[in-house]
Amino acid sequence: MPRRFQAMSELDFPGFESRIIVTDASEVFVHRGPLTGPALLLLHGFPETALMWREVGQLLSADFAVVAADLPGYGQSACPADTDDHASMSKRAMAVTLAEVMRRLGHERFAVVGHDRGGRVAYRAALDNPSIVTAVAVLDIVPTLEVWDRADARLTLSFWPFSLLAQPEPLPERLILAAPDAVVDNALSNWGTPPETFPSALRHAYINALSDPAHVHAICEEYRAAASLDRAHDEADLKAGRQIACPLLALWSGAGSLASWYENDGGPLSLWRRWAAHVHGRPVEGGHFFPEEHPQSTAELIRCFLLGDGGVGKQAGA
């Protein structure tokens with residue numbers, strides 16, 4: 001495991017332990033909090049790592065056994081072996097690996113909260129593993145198939161990684177590796193959250209995580225999977241009428257793209273109701289990175305959902 005990605009001490013999770021979990025597919029780096037309640041898995045998005053949860057995770061650790069993981073292929077987690085069809089970085093494969101991580105940590109059942117790319121892994125885990133996932137929260141996303149079916153110039157220009165990083169190798173890999181600082185700065189400055197939200201040490205940690213060729217390739221493979229296999233998996237579920245059985249919470253930036261792009265479809269909640277039987281949610285204050293911009297209110301919304309509507313506090317086997 002390349003230790004060059006080790007988080008700076010000022011960004012560590014106080015009260016959490018950091019460790020590597022070995023799975024059948026790859027090694028996964030996690031921050032694990034005290035065993036204080038039902039199990040809760042937190043998943044980050046692009047271009048971040050599990051460090052995005054350093055404040056929200058600590059706030060939630062009073063009520064939950066929190067695990068914040070670097071997604072496979074991201075941060076300090078290892079990169080799964082390549083496959084010609086990008087299957088090793090599909091959301092289905094990532095969900096399998098992360099469920100194994102939770103089992104190895106002693107959690108047979110758990111709730112999962114995912115932001116951005118992590119949200120896509122989270123809802124896929126809930127679709128594929130209804131007996132394991134007790135509740136799911138998806139932050140600032142709509143389902144992958146819905147995104148592609150409605151893709152237009154707004155998506156291409158605003159959230160350019162969706163299309164650019166899905167291009168065949170080596171073009172996106174070479175572009176990111178040429179200027180990882182520009183990639184991080186573009187996201188942290190232009191996606192609706194004030195740049196001062198992110199301490200300098202955190203910005204550098206995210207840049208370091210985008211400076212390794214193997215990890216950058218794995219991230220691009222994840223985006224290629226989203227444009228192909230993930231899309232196909234979603235389409236098959238929708239056609240078969242399969243839905244997420246557990247409670248689902250959708251939160252999105254009230255000032256961001258999701259608040260306006262899908263008005264003609266009834267908004268994000270209307271789209272999520274095509275995929276889940278029990279949907280809750282609302283727009284929230286802040287930009288795309290609202291969990292870091294407003295950690296206290298984000299943590300409280302998640303806590304209320306999980307202990308109330310989500311009901312994981314009542315679930316056994318945590």
Side-chain angles (χ1 to χ4, degrees), residues 21-30 41-50 69-75 77-103 110 112-133 136 138-139 141-149 151 155 159 161-170 172-173 176 209 214-240 242-244 248 272 275-276:
I21 306 298
V22 179
T23 73
D24 291 340
S26 64
E27 298 177 342
V28 177
F29 181 78
V30 304
L41 175 62
L42 303 178
L43 302 176
H44 66 89
F46 177 86
E48 300 189 305
T49 70
D70 283 353
L71 293 171
Y74 280 77
S77 290
C79 303
D82 263 4
T83 56
D84 291 340
D85 60 355
H86 322 300
S88 64
M89 288 299 290
S90 70
K91 307 308 172 293
R92 174 164 287 164
M94 296 168 83
V96 168
T97 296
L98 290 162
E100 184 181 349
V101 166
M102 295 300 279
R103 285 196 303 274
F110 56 91
V112 57
V113 176
H115 174 258
D116 189 83
R117 312 308 290 181
R120 303 190 185 285
V121 180
Y123 84 79
R124 174 46 56 189
L127 274 167
D128 288 352
N129 302 284
S131 65
I132 294 174
V133 177
V136 59
V138 287
L139 277 51
I141 67 163
V142 296
T144 301
L145 180 65
E146 307 287 4
V147 174
W148 283 115
D149 281 355
L155 176 73
F159 291 117
F162 229 94
S163 53
L164 176 59
L165 302 192
Q167 297 301 309
E169 65 174 310
E173 285 91 338
I176 292 177
H215 282 78
V216 169
H217 173 67
I219 291 168
C220 291
E221 284 292 284
E222 186 259 296
Y223 275 86
R224 292 175 186 124
S228 54
L229 273 182
D230 296 343
R231 194 174 176 182
H233 293 158
D234 277 6
E235 186 172 20
D237 283 335
L238 195 64
K239 287 183 177 178
R242 284 189 289 270
Q243 285 194 316
I244 295 169
L248 180 144
W272 278 112
W275 297 84

S.K.: May I ask you to test the Met94-Glu222 pair for a side-chain heavy-atom distance under 4.5 Å?
M.R.: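 Yes, close enough: below the 4.5 Å cut-off.
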S.K.: Side chains of Leu43 and Val112, heavy atoms from C-beta outward: is any pair under 4.5 Å?
M.R.: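 Leu43 vs Val112: side chains touch.
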S.K.: Looking at Glu173 and Arg224, does any basic side-chain N land under 4.0 Å from a carboxylate oxygen?
M.R.: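 Salt bridge flag = yes for Arg224 with Glu173.
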S.K.: For Cys220 versus Pro172, what's the shortest heavy-atom pair and its separation?
M.R.: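 The answer is SG-CB, 3.8 Å.
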S.K.: For a quick check under 3.5 Å, do Asp128 and His233 share a side-chain donor-acceptor pair by atom type?
M.R.: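 No, His233 and Asp128 have no side-chain donor paired with an acceptor closer than 3.5 Å.
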S.K.: Using modelled atom types and a 3.5 Å cut-off, is there a donor and acceptor pairing between side-chain atoms of Trp275 and backbone atoms of Leu127?
M.R.: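 No, Trp275 side chain to Leu127 backbone: no donor-acceptor pair under 3.5 Å.
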S.K.: For Thr49 and Asp70, indicate whether the former's side chain and the latter's backbone hold a donor-acceptor pair under 3.5 Å.
M.R.: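 No; judged by distance alone, with no hydrogens or angles, the pair does not exist.
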S.K.: Would you find a donor on one side and an acceptor on the other, under 3.5 Å apart, between the side chain of Ser90 and the backbone of Leu229?
M.R.: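 No: the side chain of Ser90 does not pair with the backbone of Leu229.
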S.K.: Quick one: closest heavy-atom pair of Ala69 and Val28, and the distance?
M.R.: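 Shortest heavy-atom separation between Ala69 and Val28 comes out as CB-CG1, 4.2 Å.
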S.K.: Is there a donor-acceptor contact under 3.5 Å from the side chain of Ser77 to the main chain of Phe29?
M.R.: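 Judged by distance alone, yes, a pair lies under 3.5 Å.
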S.K.: With Arg231 as the cation and Tyr223 as the aromatic partner, state whether NZ or CZ is under 6.0 Å from the six-membered ring centre and within 45° of the axis.
M.R.: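 Negative - Arg231 is either too far from the ring of Tyr223 or too far off its axis.
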S.K.: Do Glu221 and Ser88 come within less than 4.5 Å of each other through their side chains, counting heavy atoms only?
M.R.: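 SC-SC contact between Glu221 and Ser88 ruled out.
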S.K.: Less than 4.5 Å apart, side chain to side chain, heavy atoms only: is that true for Leu139 and Asp116?
M.R.: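 Contact flag for Leu139/Asp116 side chains = no.
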S.K.: Please answer whether the main-chain N or O of Ala93 pairs with a side-chain N or O of Thr97 as donor and acceptor at a distance below 3.5 Å.
M.R.: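 Between the backbone of Ala93 and the side chain of Thr97 there is a qualifying donor-acceptor contact (under 3.5 Å).
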S.K.: Hey, mind stepping through Leu71 and Val121 against side chain to side chain contact (heavy atoms under 4.5 Å, CB included) and telling me if it holds?
M.R.: CA-CA 9 Å; Leu71 293 171; Val121 180; 4.1 Å; yes
S.K.: Okay, side chain of Asp230, backbone of Lys91: is any donor-acceptor separation there less than 3.5 Å?
M.R.: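 The answer is yes, because a donor-acceptor pair under 3.5 Å joins these two groups.
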S.K.: Tell me yes or no: between the side chains of Trp272 and Glu146, is some donor less than 3.5 Å from an acceptor?
M.R.: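 No - no donor-acceptor pair under 3.5 Å links their side chains.
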S.K.: Is Asp234 salt-bridged to Arg124, going by a charged N under 4.0 Å from an acidic O?
M.R.: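 Between Arg124 and Asp234 there is a salt bridge, with a charged N closer than 4.0 Å to a carboxylate O.
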S.K.: Give, for atom CG of Asn129 and atom CG of Leu98, the distance between the pair rounded to the nearest 0.5 Å.
M.R.: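 These two atoms lie 11.0 Å from each other.
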S.K.: Are Val138 and Leu248 close enough, and set up right, to give a side chain to side chain contact (heavy atoms under 4.5 Å, CB included), and what steps lead you there?
M.R.: CA-CA 8 Å; Val138 287; Leu248 180 144; 4.1 Å; yes
S.K.: Going from SG on Cys79 to CD1 on Ile219, what distance comes out if it is rounded to the nearest 0.5 angstrom?
M.R.: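 Rounded to the nearest 0.5 Å, the SG-CD1 separation comes to 8.0 Å.
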S.K.: Do you know the tightest heavy-atom contact between Phe46 and Pro161?
M.R.: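 What the structure gives for the nearest pair is CE2-CG, 3.8 Å.
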S.K.: For the pair His217 and Asp82, evaluate side chain to side chain contact (heavy atoms under 4.5 Å, CB included) and give the outcome as yes or no after the intermediate values.
M.R.: CA-CA 9 Å; His217 173 67; Asp82 263 4; 2.6 Å; yes
S.K.: Is the backbone of Ala87 close enough, under 3.5 Å, to the side chain of Asp85 for a donor and an acceptor to pair up by distance?
M.R.: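 At least one qualifying donor-acceptor pair exists.
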S.K.: Considering non-hydrogen atoms only, spot the tightest contact between Met89 and Ala225 and give its length.
M.R.: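 Looking at all heavy atoms of both residues, the shortest contact is O-CB, 3.7 Å.
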S.K.: Between Ile176 and Leu165, is there a side-chain heavy-atom distance shorter than 4.5 Å?
M.R.: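 Contact flag for Leu165/Ile176 side chains = yes.
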S.K.: Restricting to non-hydrogen atoms, name the atom on Val22 and the atom on Glu100 that form the minimum distance, rounded to 0.1 Å.
M.R.: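 For Val22 and Glu100, the tightest heavy-atom pair comes out as O-OE2, 4.3 Å.
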S.K.: Between His44 and Tyr74, is the ring centre distance below 6.0 Å?
M.R.: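 Yes, close enough.
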S.K.: Looking at Arg242, is its backbone amide N or carbonyl O close enough to the side chain of Asp237 to form a donor-acceptor pair, meaning the two atoms are under 3.5 Å apart?
M.R.: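 Here the side-chain-to-backbone pair does not exist.
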